[in-house]
Amino acid sequence: MTALSEFNIRTNSQNDWINITNQVQKAVSNSSVREGICVVFIPHTTAAVTINENADPDVPRDVSFALDLISPDRREFRHGEGNSAAHTKTSLVGPSLTLIVTGGKLLLGTWQGIWFTEYDGPRTRKVHVRVMGE
Ligand code: ZN
């Protein structure tokens, strides 16, 4: 059994982390897959996806702050659109996740959430979810 779905999210600021765990779980539940794999894919070049703590809002804030330190805006950048810092953060964080589905649920640790990470917002963004299994 396999199912492909997508959903849109609206980001609210230039750097914005949005917890999409519930939307991804909904895609898994709608697929009827009980045992298998879930792939989350972000079709953008200035936004990414990662897993991190879902409890303390200071964690995504601090990681976003650290990414700004790693990839600040630099006058040496050549890309005419002026958002090379966002492209760099996107490559560091990555475009996809592979997750385990068991008992019809995403297998995540107690403190883990799935975060859509925006680096060039605010924008309307898309998330693709492929669920495979039985
Ligand atoms: Zn660009």
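Remember, it's 1-based here, ligands and their atoms both numbered in the order they're listed.
Comment: Asp68 engages Lys89 in a salt bridge, judged by a side-chain N to carboxylate O separation of less than 4.0 angstrom.
When rounded to 10 degrees, the angle formed at the Zn ion (ligand 1) by NE2 (His79) and OE1 (Glu81) equals 110°.
Minimum-distance N/O/S atom of His87 relative to the Zn ion (ligand 1): NE2.
Here Thr46 fails the criterion, with no N, O or S atom under 2.8 Å of the Zn ion (ligand 1).
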I'd like to know whether Arg10 forms a side-chain hydrogen bond (donor to acceptor under 3.5 Å, both in side chains) with Thr124, so could you lay out the CA-CA distance, the side-chain angles of the two residues, the decisive distance to 0.1 Å, and finally the verdict.
CA-CA 4 Å; Arg10 181 71 194 168; Thr124 299; 3.1 Å; yes
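Remark: Arg75 fails to qualify as a cation-pi partner of Phe77 under the 6.0 Å distance and 45° angle criteria applied to the six-membered ring.
Inter-residue side-chain proximity for Ile114 and Leu99 is flagged as met; some heavy-atom pair is nearer than 4.5 Å.
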